[in-house]
Participant: 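Got a structure for you, written out below as structure tokens; questions coming shortly.
Just so it is clear, the structure is predicted and the values come from calculations on it, not from any experiment.
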Amino acid sequence: MIAIISPQEEALRRENLLQEIHSPYHKDLVPAAVPAHREWVSTLHHVFVQAYNTDKVRKEDLPKTYRICWRPNGKASWRSKATITNGCRR
């Protein structure tokens, strides 16, 4: 078992250092974890959750797209009170 993230696993696959595997445990995984080539299986998935305080921010004031979040001149009052704690935005 090699526990690394997908870009490195994919590099090993391109170098033909991995072989196709079939495991009975694959059926327990989400479909995206097992690529069609079956030479590696993802053991980690990143999950991003967005939430907001409905007492302080109205639904109509939320950004309509993620791209708006990164505009320096865009309406950003919904994130003005955010703080970073241990690498997490609160």
Participant: Quick check on Q19: does its CD atom have over 12 non-hydrogen neighbours (other residues, nucleotides or ligands) under 6.0 Å away?
Facilitator: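 At most 12 heavy atoms, drawn from other residues, nucleotides or ligands, come within 6.0 Å of this atom.
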Participant: When rounded to the nearest 0.5 angstrom, what distance separates CZ in R13 from CD in E20?
Facilitator: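 The CD atom of E20 is 11.0 Å from CZ of R13, to the nearest 0.5 Å.
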Participant: Which is it for L12 and E39 under the side chain to side chain contact (heavy atoms under 4.5 Å, CB included) test, yes or no, and what are the steps along the way?
Facilitator: CA-CA 9 Å; L12 291 172; E39 293 178 18; over 6 Å; no
Participant: Could you give the distance from CD (E9) to CG (L17), rounded to the nearest 0.5 Å?
Facilitator: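 The CG atom of L17 is 12.5 Å from CD of E9, to the nearest 0.5 Å.
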